[in-house]
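Everything below concerns the one structure shown next.
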Amino acid sequence: MAVIKNKRILKCLLMVVVSLLLVLNFSIGVSASTVYDRQDADACITISQRLSVKGGSKPDFYVKPNGETVPSTGYRYVSENASYLDSMSESMTIPANEEGTYFSFDCYDEANPGALQVPHDASIRVEFDTLQIIDDISVPNGNWGKASYLEPITKDFPEFGKGGATQVITRSRIIIDLITKLSKH
């Protein structure tokens, strides 16, 4: 077994592996925690986008140093009547929230408040890249944060629908990529 000590050789090997994965039609990302490592991770993502056979699309998942995978796109669903919709659309940001901002990894093309178990129409889809918050994503406790158990899939509020959507929270500010008005059932 050989140990590679030269960082340039290691980076070249990483680029070869990324290239092979992309040729096989995989899409990947890399995340790291320190500033130096994050710069390397950003460089790897840039390399993977340049080499992508999917036409430069962003990766489907990011891989954290501890091996956790995180989908690269997050979706927050809000009501078309939300009081903050205009300001959010203008600033293209979701402000940091100490209580936590709920979002999903599920992309619905039609409003689906029943799956999300929310008491509103969920007809506005807010899309963003999760890399910006990757170190601040967690599964919420059930019963809107009041229970002692985790609820990664919505189930606690059947009065709002059948559930089944993924859900996580972040306390960080989110820069929005796209806001879409969805049709209702």
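Bear in mind that the values here come from a model prediction, so they are computed numbers and not experimental data.
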Do His120 and Asn81 pass the side-chain contact (heavy atoms from CB on, under 4.5 Å) test, and can you show the C-alpha distance, the side-chain angles, and the key distance before you say yes or no? CA-CA 9 Å; His120 58 74; Asn81 300 315; over 6 Å; no
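- Without hydrogens or angle criteria, Asn141 side chain to Lys146 main chain gives no donor-acceptor distance under 3.5 Å.
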Trace of the side chain to side chain donor-acceptor pair (under 3.5 Å) decision for Asp129 with Tyr62: CA-CA 10 Å; Asp129 191 326; Tyr62 297 118; 2.7 Å; yes
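- Inter-residue side-chain proximity for Ser72 and Phe61 is flagged as unmet; no heavy-atom pair is nearer than 4.5 Å.
- For the pair Arg76 and Ile176, the minimum side-chain heavy-atom distance is 4.5 Å or more.
- In the model, Tyr149 has a side-chain atom that pairs as donor or acceptor with a side-chain atom of Asp156 under 3.5 Å.
- Atoms CG and OG, from Asn112 and Ser123 in turn, are 12.0 Å apart once rounded to the nearest 0.5 Å.
- Cluster annotation: Ile174 and Leu85 are assigned to the same hydrophobic cluster (Ile/Leu/Val/Met/Phe/Trp/Tyr, side-chain heavy-atom contacts under 4.5 Å, transitive).
- Heavy atoms from other residues, nucleotides or ligands lying under 6.0 Å from CD of Glu90 number 12 at most.
- Under a hydrophobic clustering in which Ile, Leu, Val, Met, Phe, Trp and Tyr are joined whenever their side-chain heavy atoms come within less than 4.5 Å, directly or via other members, Phe160 and Ile124 fall into different clusters.
- Annotation: salt bridge (charged side-chain N to carboxylate O under 4.0 Å, His left out) contacts involving residues 171-185, sequence neighbours excluded, comprise Glu80-Lys181, Glu80-Lys184, Asp121-Lys184.
- Atom-to-atom distance recorded for Thr73:OG1 and Asp106:CG is 12.0 Å, nearest 0.5 angstrom.
- By the criterion of side-chain heavy atoms lying less than 4.5 angstrom apart, applied directly or through intervening Ile, Leu, Val, Met, Phe, Trp or Tyr residues, Leu178 is not grouped with Tyr84; the two fall into different hydrophobic clusters.
- No donor-acceptor pair closer than 3.5 Å links the side chain of Ser104 to the backbone N or O of Gln167.
- At distances below 3.5 Å, at least one donor-acceptor pair connects side-chain atoms of Gln117 with backbone N or O atoms of Gly161.
- Residue Tyr75 holds its OH atom at 13.0 Å from CG of Leu116, rounded to the nearest 0.5 Å.
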Please step through side-chain contact (heavy atoms from CB on, under 4.5 Å) for the pair Tyr102 and Val118, ending with a clear verdict. CA-CA 11 Å; Tyr102 281 75; Val118 292; over 6 Å; no
side-chain contact (heavy atoms from CB on, under 4.5 Å), that's the test. Do Val78 and Met88 meet it? Break it down for me. CA-CA 11 Å; Val78 300; Met88 182 182 68; 4.2 Å; yes
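- Looking at Thr101 and Thr170, their side chains never bring a donor and an acceptor atom within 3.5 Å of each other.
- Put simply, Ile175 and Leu131 are part of two different groups of oily side chains (I, L, V, M, F, W, Y) that touch within less than 4.5 Å, one to the next.
- In terms of hydrophobic clustering, with Ile, Leu, Val, Met, Phe, Trp and Tyr side chains grouped at heavy-atom distances under 4.5 Å, Leu150 and Ile153 are assigned to different clusters.
- The aromatic rings of Phe103 and Phe105 lie perpendicular to each other, with more than 60° between the two planes, well past the 30° mark.
- Within the 4.5 Å cutoff, no side-chain heavy atoms of Asn143 are placed close to those of Glu151.
- Interatomic distance, OH of Tyr77 versus SG of Cys107, reported as 5.0 Å (0.5 Å rounding).
- Of the candidates Asn97, Asp135, Asp136, Asp136 is the only one forming a side chain to side chain donor-acceptor pair (under 3.5 Å) with Ser172.
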